[in-house]
Amino acid sequence: MLILVALLTFFAIFDIMREMGEMGKGTYSLGAVMTFVALSQAGHVGVIFPVAALLGTLFALSRLSNSSELTVMRASGLSLRTLSAYISVIGILFTALTFVFGEYIAPAADDTAKQMRLTATSSLVGREFRSGFWVKDGLNFVNIQNVAPDLKLNNIRVYEFDKTFRLLSISIIKDAVYEKDKRWQISNVEKTYFEGQREGGGARIERLPSAIWKSELTPDLLEALKLQPSQMSVTKLSAYVEHLRENKQETSRFELAMWEKLLRPFAVIIMMLLAIPFAIGMNRMGGTGTKLMAGIMVGLIFHVLSQMAANLAMLNNWPPFLSTAAPLTLFACVAMAAIAWRERPF
């Protein structure tokens, strides 16, 4: 836990330095910056926890090894397999804690932080993109110029097509506020009907001060537009992936994030097991500091390999599950092989 706090503090320093450039916009004061950074640290826990578990286990076992306590325990009949089982039990508890944190606490904290920052800087999410958001909604294509922090939509265009992909109408909507049951209250609507395929057809314009817009677009799906996939919960990712599949859109990016959310917590157990051969086998290479530095390098290698596998999966359309599980499987095999190597009789 102390190592986790230290690593989060390290990340927080860089987050503060990044946010200093935005300080002064609107009501985004130093206090607001510190609050935003504090809430944002929840999103780092899932990435940092496996490394913290590795370093914490490595530190504890190194202290036992350096003082010969671990040697006495092994001479008394404690095998490395039994030690691995004990550590795995603790690792399972940490894995469950990591999953619960990533599923419930981190997404809520990230969402609160982003909304607080958007409100303080008086900015709209849609301004981050040149043409706003584009969403496929059944046979319609929806372009949203601005999404306010309270998920109110501004300057919307809805392009309605028939099953033969013939453009039927274009609706220009000033504002939209979500009510319930996939219904939006819209205002200042200008709808242009294209009737050129009919006899005597042409274009017909209808203007309405207010109306009801039925759409599959919901606040939960808008959260997917606001947040990065890594900041979403597994539940929301699963729902959004299903929405994309129904509309025959690319899902790889969100599937990768979903499988990472599900499988990454198991890296905690793997990293803790990997600490055993490091703590026992590096007595001649230096003290605890050297071992911790080696543990940091292992954690960095794991993180780089995980990111590399995710990027390669996106480029080559590899199965998201396999690309996410591959680094975990590789390091699990390395940990088991290293433990078996240290356990071998001389």
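Fair warning: this is a prediction, and the values are worked out from it, not measured in the lab.
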Checklist entry - Between CG of D111 and NZ of K114, what distance do you get to the nearest 0.5 Å? => result 9.0 Å

Item to check | Spacing of NZ belonging to K191 relative to CD1 belonging to I170, to within rounding of 0.5 Å | outcome: 11.5 Å

Could you tell me which non-hydrogen atom of [X] sits nearest to which non-hydrogen atom of [Y], and how far apart they are?
X: P320; Y: E255; answer: CG-CB, 3.7 Å
X: L328; Y: A267; answer: CD2-CB, 3.5 Å
X: G295; Y: L54; answer: O-CD2, 3.1 Å
X: L70; Y: L61; answer: CD2-O, 4.3 Å
X: R253; Y: P229; answer: NH2-CD, 3.4 Å

pair [X]-[Y]: side-chain heavy atoms closer than 4.5 Å:
X: I212; Y: Q185; value: yes
X: E19; Y: Y28; value: yes
X: I276; Y: L273; value: yes
X: V177; Y: D175; value: no
X: V45; Y: T98; value: no
X: F11; Y: V47; value: no
X: L217; Y: I144; value: yes
X: R207; Y: V189; value: no

Per-pair distances, 0.1 Å, donor-acceptor, side chain in residues 29-43, under 3.5 Å, sequence neighbours excluded:
from: T35; atom 1: OG1; to: G31; atom 2: O; distance (Å): 2.9
from: S40; atom 1: OG; to: F36; atom 2: O; distance (Å): 2.7
from: Q41; atom 1: NE2; to: D15; atom 2: OD2; distance (Å): 2.9
from: Q41; atom 1: NE2; to: V37; atom 2: O; distance (Å): 2.9

Next on the checklist: Do N188 and E190 pair up side chain to side chain, a donor and an acceptor below 3.5 Å, judged on atom types alone?
Outcome noted: no

Are any side-chain N or O atoms of [X] and backbone N or O atoms of [Y], one a donor and one an acceptor, separated by less than 3.5 Å?
X: K136; Y: G138; answer: yes
X: K261; Y: S230; answer: yes
X: D181; Y: R183; answer: no

So with a 6.0 Å cut-off around [atom1] of [X], is the heavy-atom count from everything else above 12?
X: R74; atom1: CZ; answer: yes
X: L315; atom1: CG; answer: yes
X: F266; atom1: CZ; answer: no
X: H44; atom1: NE2; answer: yes

Checklist entry - Taking the six-membered ring for Trp, are Y178 and W184 parallel (under 30°), tilted (30 to 60°) or perpendicular (over 60°)? => result perpendicular

Can you sort out the partners of [X] under salt bridge (Lys or Arg N to Asp or Glu O under 4.0 Å), two or more places apart, ordered by chain and number?
X: E179; result: none
X: R204; result: E195
X: E103; result: none
X: E250; result: none

Checklist entry - By ring pair (Phe, Tyr, Trp, His ring centres under 6.0 Å), which residues pair with F10, not counting sequence neighbours? => result F14

Item to check | Sequence-distant partners of F141, ring pair (Phe, Tyr, Trp, His ring centres under 6.0 Å), two or more places apart | outcome: F161

Checklist entry - If you group Ile, Leu, Val, Met, Phe, Trp and Tyr by side-chain heavy-atom gaps below 4.5 Å, do L262 and F302 land in one group? => result yes

Checklist entry - Which other residues belong to the hydrophobic cluster containing L312, where Ile, Leu, Val, Met, Phe, Trp and Tyr are joined when side-chain heavy atoms lie under 4.5 Å apart, directly or via other members? => result V304, M308, W318

Checklist entry - Residues sharing M314's hydrophobic cluster, by side-chain heavy-atom contacts under 4.5 Å among ILVMFWY, directly or via others? => result L256

Next on the checklist: For a side-chain contact (heavy atoms from CB on, under 4.5 Å) check, start with the C-alpha distance between E246 and E216, then their side-chain angles and the critical distance, and finish with the verdict.
Outcome noted: CA-CA 11 Å; E246 289 176 356; E216 293 296 321; 5.6 Å; no

Checklist outcome for this item: Residues at least two apart in sequence or cross-chain that pass side chain to side chain donor-acceptor pair (under 3.5 Å) with S67, listed by chain then number, are E69

Item to check | Counterpart residues, side chain to side chain contact (heavy atoms under 4.5 Å, CB included), relative to L305 (two or more places apart) | outcome: I301, L330, F331

Taking distance alone, no hydrogens or angles, what donor-acceptor pairs closer than 3.5 Å link side-chain atoms of residues 76-96 to residues at least two apart or in another chain?
from: S76; atom 1: OG; to: V72; atom 2: O; distance (Å): 2.8
from: S79; atom 1: OG; to: T82; atom 2: N; distance (Å): 3.1
from: S79; atom 1: OG; to: T82; atom 2: OG1; distance (Å): 2.9
from: S84; atom 1: OG; to: L80; atom 2: O; distance (Å): 2.7
from: S88; atom 1: OG; to: S84; atom 2: O; distance (Å): 2.7
from: T95; atom 1: OG1; to: G91; atom 2: O; distance (Å): 2.8
from: T95; atom 1: OG1; to: P265; atom 2: O; distance (Å): 3.2

